Protein chains: 2
Amino acid sequence: MGKITIHDIAKKLNTTAATVSRALNDNKSISIKMKEKVAIAAKEMGYERNVLASNLRKGKTNIIGVIVPYADRSLFASVIRSLEEKVQEHGMNIMISQSHDSYEKELRCVETLLQAQVSTIVMSHSKGDNPKDHLKRIIDGGTSLILFDRPVEEIKTHSVTVNDYDGAYKAVTHLIEMGYQRIAHFIMDKNTPLYKERYRGYKRALKDNNLVLDPSLVIEVATKIADGAVAAEALMQLEQTPDAIFSSSDFAALGAMNYLIEKGIEVPSEFGIIGFSNEPFTNYVTPSLSTIDQKTKLMGETIAHFILNKKDNKAEIKQFQSVSLTPQLLIRNSSNRKQNLKE
Amino acid sequence: MGKITIHDIAKKLNTTAATVSRALNDNKSISIKMKEKVAIAAKEMGYERNVLASNLRKGKTNIIGVIVPYADRSLFASVIRSLEEKVQEHGMNIMISQSHDSYEKELRCVETLLQAQVSTIVMSHSKGDNPKDHLKRIIDGGTSLILFDRPVEEIKTHSVTVNDYDGAYKAVTHLIEMGYQRIAHFIMDKNTPLYKERYRGYKRALKDNNLVLDPSLVIEVATKIADGAVAAEALMQLEQTPDAIFSSSDFAALGAMNYLIEKGIEVPSEFGIIGFSNEPFTNYVTPSLSTIDQKTKLMGETIAHFILNKKDNKAEIKQFQSVSLTPQLLIRNSSNRKQNLKE
DNA sequence: ATATACAATGTAATCGATTACGTTTTGTAA
DNA sequence: TTACAAAACGTAATCGATTACATTGTATAT
């Protein structure tokens with residue numbers, strides 16, 4: 001018995017499709033008796049609403065489009081997971097699209113998702129300083145836009161980010177509290193706001209603790225283990241070597257740490273290291289790597305909150321909110337000198 | 001200028017929506033001239049096909065539903081990534097749904113995706129020996145089903161799995177080649193076919209090398225680091241302790257390794273360890289953990305291949321294919337005794 | 001008792017694209 | 001020239017649900 005439609009139900013009940021539709025949607029102008037009859041008949045006949053038809057008529061779907069650089073990066077995977085968990089309870093679906101950190105692909109992703117008529121686009125936009133026209137087009141077309149992870153200042157819309165400045169500040173302050181004096185910094189891409197913010201937190205923490213910023217200790221490094229090792233080597237070549245590193249990337253931090261250990265430098269007693277992102281491996285390496293947790297689960301939940309609120313409360317649509325989550329310092333062995341001394 | 005429809009284009013060109021539709025779909029009964037005119041007008045007017053309407057009429061979408069226990073588990077995240085990369089080139093979209101390894105949630109996922117009228121459901125079904133009626137329902141309803149990671153024997157459909165038996169066999173054979181004699185095995189869930197297969201590979205490898213299976217060396221362990229440590233402790237309490245572990249879980253393997261190292265047992269010189277899955281952390285721990293890579297990227301690509309093939313080649317629909325990928329042995333430091341001796 | 005309101009349902013248009021079927025025009029074989 | 005085929009396009013139904021706009025019937029107010 002292929003597809004049962006509301007017309008079939010109407011025929012069986014000697015009424016019309018309009019009434020059945022209204023009954024199924026719990027419309028107030030339908031009597032309770034009729035609603036019951038329809039509900040029973042629908043169940044009996046195994047009716048299932050054709051979502052496509054419904055959405056076509058209503059001009060909206062309940063699909064949320066998500067654009068991320070790569071779906072398997074731990075931050076994005078985690079956000080996708082918690083977002084999906086929250087919205088699926090409300091009958092919404094998640095559609096994934098990957099931008100590979102490329103502007104061109106991001107444009108394609110937006111196009112695809114708009115074509116699919118998603119009701120909301122949730123995205124972490126690709127790196128670089130590209131035009132934001134496509135973001136405006138999303139909003140102008142009536143689709144709501146929620147940016148996360150990487151904020152875009154030029155666009156007025158909802159956003160959920162982590163306070164990178166605060167995370168960096170906490171990390172560096174922690175190193176200073178542990179007694180490290182010359183703290184180097186690995187910055188990834190100087191043009192990306194996110195890294196700029198972390199750099200700002202680094203500088204501020206130094207200043208607040210009366211430490212001078214030595215530009216030779218700030219190195220541009222790629223988010224790779226090998227590059228972290230190279231950078232560490234460069235640092236140790238300096239006349240005045242550092243005694244700690246705050247790396248904006250866990251991977252680079254690990255590379256540096258392994259290099260130092262190999263060179264006989266003890267971590268954390270001689271040298272402190274802290275990364276950023278709380279990548280899954282950081283807790284398992286030796287010594288375990290201190291890092292900044294970005295609250296990815298909360299991030300997904302906050303995004304979901306925006307979406308669900310918008311659904312209920314239309315008044316809120318116009319006020320765009322930017323939530324900046326407070327990251328968490330995870331003190332592990334790579335920087336925990338005091339504890340080690342105690343032992 | 002809100003939404004342009006084929007009717008608007010038709011009006012502008014003094015023709016009908018039917019002609020425009022056919023022209024846009026490159027129908028052979030439309031003249032080249034007309035096709036050109038339509039194409040130009042469509043571009044000029046900024047026309048975008050309403051996918052909902054199109055799909056409603058055609059009765060099919062180009063959405064692929066994916067059901068996984070958790071989207072952020074490395075295997076699933078990786079498969080999702082490579083699957084999306086492949087199918088997006090063909091204009092198809094991926095919809096994600098998470099079963100949390102619960103049978104009830106899995107039913108809901110199936111329901112949701114069928115409602116969304118996905119053309120294909122790709123799933124790694126939840127653990128346990130539950131009824132498979134919902135899988136049959138998917139197929140009977142005309143939606144194609146592709147199972148991956150965890151095969152279901154009762155259902156005739158496409159499937160892409162990794163040869164767990166082979167992976168286990170390779171792992172254990174490798175340990176034996178490295179000179180380990182008493183090899184323990186961590187099995188997770190004895191009722192899950194996947195673990196049974198690995199166990200079978202373990203037994204076979206022992207047999208082929210004339211080693212006796214000691215049941216006391218086969219322990220049921222959860223996929224957790226802590227449990228791996230507990231299990232290792234139990235093993236070292238035996239009268240005849242093992243000198244190697246083949247763990248069906250990287251996490252348990254790591255827990256065991258850390259426990260042994262803490263107890264002063266040297267890995268790999270005194271004790272060999274190999275895990276399974278190539279979890280992201282395995283390459284970064286010390287010593288790096290040997291493991292079995294499950295070819296997740298290839299898995300996603302193979303799934304995509306099935307989907308895209310089916311699209312073109314209808315003849316293939318009826319022949320269900322089961323592809324079993326060959327996993328790869330990754331020899332790292334936790335088991336590489338020979339290399340260590342050389343040094 | 002009459003007017004008015006509202007409850008409950010029906011009618012038909014609509015969302016936008018696709019397609020079975022019909023019509024006209026042009027080409028070409030007999 | 002007739003006839004038949006194919007090319008090129010038009011007409012209208014269709015996919016299934018929703019909803020603006022009637023319509024009918026009943027209850028309440030005056």
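Below, read A as the first sequence line, B as the second, and so on, with proteins coming before strands; counting in each chain starts at 1. This one's a predicted model, so the numbers in the text were calculated from it and none came from an experiment. Excluded from the calculations below are hydrogen atoms, water molecules and symmetry mates; all remaining heavy atoms, backbone and side chain alike, are included.
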When rounded to whole Å, the NZ to P distance for the pair A:Lys60 and C:dT14 reads 23 Å

In whole angstroms, the gap separating P of C:dG16 from CG of A:Leu52 amounts to 15 Å

Of A:Val51, A:Asn93, A:Leu52, the one forming a side-chain contact (heavy atoms from CB on, under 4.5 Å) with B:Gln115 is A:Val51

Next on the checklist: Has B:Lys35 got a side-chain atom pairing as donor or acceptor with B:Asn25's backbone, closer than 3.5 angstrom?
Outcome noted: no

ask   = Going through the distances and angles, do B:Glu154 and B:Lys136 end up as a salt bridge (Lys or Arg N to Asp or Glu O under 4.0 Å)?
value = CA-CA 10 Å; B:Glu154 302 95 308; B:Lys136 283 192 188 125; over 6 Å; no

Closer than 3.5 angstrom, by distance alone: can the side chain of A:Glu106 be matched with the main-chain N or O of A:Ser99 as a donor-acceptor pair? no

Requested in this report: Report yes if a side-chain nitrogen or oxygen of A:Asn55 is closer than 4.0 Å to either non-bridging phosphate oxygen (OP1 or OP2) of D:dA17; otherwise report no.
Outcome: no

For A:Lys297, I'd like to know if atom NZ has over 12 heavy atoms of other residues, nucleotides or ligands within 6.0 Å.
no

For nucleotides 9-12 of chain D, tabulate all protein N/O to nucleotide N/O atom pairs closer than 3.5 Å, reporting atom names and distance.
residue : atom : partner : partner atom : Å
D:dC9   : OP1  : B:Ser31 : OG           : 3.4
D:dC9   : OP2  : B:Ser31 : N            : 2.9
D:dC9   : OP2  : B:Ser31 : OG           : 2.9
D:dG10  : OP1  : B:Thr15 : OG1          : 3.3
D:dG10  : OP2  : B:Thr15 : OG1          : 2.5
D:dG10  : OP2  : B:Thr16 : N            : 3.4
D:dG10  : OP2  : B:Thr16 : OG1          : 3.2
D:dG10  : OP2  : B:Thr19 : OG1          : 2.4
D:dG10  : N7   : B:Arg22 : NH2          : 3.0
D:dG10  : O6   : B:Arg22 : NH1          : 3.3
D:dG10  : O6   : B:Arg22 : NH2          : 2.7

Over all strands shown, is B:Ser21 touching base, sugar-phosphate only, or nothing at heavy-atom distances under 4.0 angstrom? base

Of D:dG16, C:dA17, D:dT18, the nucleotide closest to the side chain of A:Asn50 is D:dG16

Separation of C:dC15 atom P from B:His7 atom NE2, nearest Å, is 9 Å

Between CG of A:Leu13 and P of C:dG10 the distance, given in whole Å, is 10 Å

Rounded to whole Å, the CZ-C1' distance (A:Arg57 to D:dT18) equals 5 Å

note: B:Ile4, atom CD1; C:dA17, atom P; distance rounded to Å ~ 10 Å

*Is a side-chain donor or acceptor of B:Arg150 paired with a backbone partner of B:His125 at a separation under 3.5 angstrom?*
yes

From NZ of B:Lys3 across to P of C:dT14 the rounded distance in Å is 20 Å

B:Val323 side chain reached by B:His305 side chain, heavy atoms, under 4.5 Å: no

When rounded to whole Å, the OH to P distance for the pair A:Tyr47 and D:dG16 reads 10 Å

